[in-house]
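Treat the numbers as computed from the prediction; the structure is a model and nothing was measured. Residue numbers count from 1 along this sequence. Hydrogens, waters and symmetry mates are skipped; everything else that's a heavy atom, side chains included, is used. First listed ligand is number 1; within each ligand, the first listed atom is number 1.
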Amino acid sequence: MNEYIEAAVAQFRMLLSEQLERENRMEQGEPSKDFQKMDKIVIGIAAGDGIGPIITEETVAVLEHLLKDEIKKGRIELRRIEGLTIENRLAKGQAVPGDTLAAIKACDVLLKGPTTTPKGGTMESANVTLRRELDLYANVRPVTIPEAGIDWIFYRENTEGEYVLGSRGVEIPNKLCMDFKVTTKAGTQRICRAAFDYAERNGKTEVAIVTKANIMKKTDGSFSAIAHEVAADYPDIHAEDWYIDIMTANLVNPAIRSKFQVFVLPNLYGDIITDEAAQLQGGVGTAGSANIGDRYAMFEAIHGTAPRMLEEGLGDYANPQSLMRAAEMMLRHISLTDEADRLKKALDICTETEKRVVITGDRDGATGKEFTSYLLEKL
Ligand code: IPM
Ligand code: MG
């Protein structure tokens, strides 16, 4: 057993100094881009796996329509990124192959379809790799249910917590395994700052800080403490601590759920609860997700590749709305506010008020293509 313990201790020492270095780098910070001042913006398009290519084609059709003039003028380029497929990633043995990552970094923002994450093994999820490599620390996920008075936005920490070392735990075979969760000061400050800034800019008065600080005392304890330090700079905003378990219950509690506005929370809790919230809105196929950093940003559906749909031959019935909602967030991010508003308005008509073409994800519903034609009519 001793050699395992020694190897684990050596690994832990390395991880600690690596994470400390990351914290130091974050403290330096990076200037953010001013898209309004840019002559040209390159939007990378990576279709991903499973239903990814299908919903990406629909979303690109919408973008090409909406951005016709900007594309013609050369202000916007939609650039295909090949190589983010599971086949290529497995062949190269890299979660995101080096040349693909370089191509992504040559773009300003990325619109990405879902990618397959191999279960077990050592290959990291492409999402996690991209979020880390592009330092996309804020995972922003809005959920609205107008008829229930719900207008939520989740600020999920996106580069640390349970994810940053999720593929680098230690194991003593047949005895025990340990994974690591990391909360840094600079990492927590920047996600909290993003959440409170959003609240301030948008006239929101409630921020829920969601942790399990009663159990994860070091990591979540410090997340909550730092969140309150940041909150002190926003005297008009009420910041309140919640535990993730009761918050999960409260999202389905009609007596209280409509009072929540902005949520800020560590990575894994944010992953789980945003699927719940999306389901309440109408399914994970309806919710978009933005991954924002100071330099890069990536926009995607909140769901996965839906392998079961493809096995059952239901690819054409996959719902592209989540990626279209993500595209709306992308347009807003790059300061194309009018185009974002037009897309939002059309999506709201098609999915909330008029609903003439309804996707169910099965043969009894419309196909993604039928939905796109309907949406284009409303644009
Ligand atoms: C999400 C997804 C990813 C995550 C997976 C695909 C790695 O569930 O974006 O929520 O866990 O973050
Ligand atoms: Mg998830």
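Protein heavy atom in closest approach to atom 4 (C) of ligand 1: Tyr163 OH, 3.4 Å. For atom 5 (C) of ligand 1, the closest non-hydrogen atom on the protein side is Asn127 ND2, 4.5 Å. Given atom 7 (C) of ligand 1, the protein heavy atom at minimum distance is Ser125 OG, 3.4 Å. Counting only heavy atoms of the protein, atom 1 (C) of ligand 1 lies nearest to Arg141 NH2, 3.3 Å. Protein heavy atom closest to atom 8 (O) of ligand 1, with residue, atom name and distance, is Asp271 OD1, 3.2 Å.
By the criterion of a separation under 2.8 Å, the protein N/O/S atoms near the Mg ion (ligand 2) amount to Asp271 OD1.
Atom NZ of Lys378 has more than 12 neighbouring heavy atoms from other residues, nucleotides or ligands inside a 6.0 Å radius.
By the 6.0 Å and 45° rule, Arg156 stacks over the aromatic ring of Tyr163.
Counting heavy atoms closer than 4.0 Å to ligand 1, residue Arg156 contributes side-chain atoms (C-beta onward) but none from N, CA, C or O.
The distance between the ring centers of Tyr198 and Tyr155 falls below 6.0 angstrom. Under the 6.0 Å cut-off for aromatic ring centres, Trp242 and Phe263 do not qualify, their centroids lying 6.0 Å or more apart.
Applying the side chain to side chain contact (heavy atoms under 4.5 Å, CB included) rule to Leu376 yields the partners Val62, His65, Thr372, Leu379; only residues at least two apart in sequence or on another chain are considered. With sequence neighbours left out, Tyr4 forms a ring pair (Phe, Tyr, Trp, His ring centres under 6.0 Å) with no residue at all. With sequence neighbours left out, the ring pair (Phe, Tyr, Trp, His ring centres under 6.0 Å) criterion links Phe35 to His333.
One finds no salt bridge joining Asp39 and Arg75 here, because no Lys/Arg side-chain nitrogen approaches an Asp/Glu carboxylate oxygen to under 4.0 Å.
Not close to ligand 1: Glu124, with no non-hydrogen atom less than 4.0 angstrom away. At least one heavy atom of Arg131 sits under 4.0 Å from some atom of ligand 1.
With no hydrogens or angles considered, no side-chain donor-acceptor pair links Thr159 and Arg132 at under 3.5 Å.
Proximity of a side-chain donor or acceptor of Asn291 to a complementary backbone N or O of Asn139 within less than 3.5 Å is not detected.
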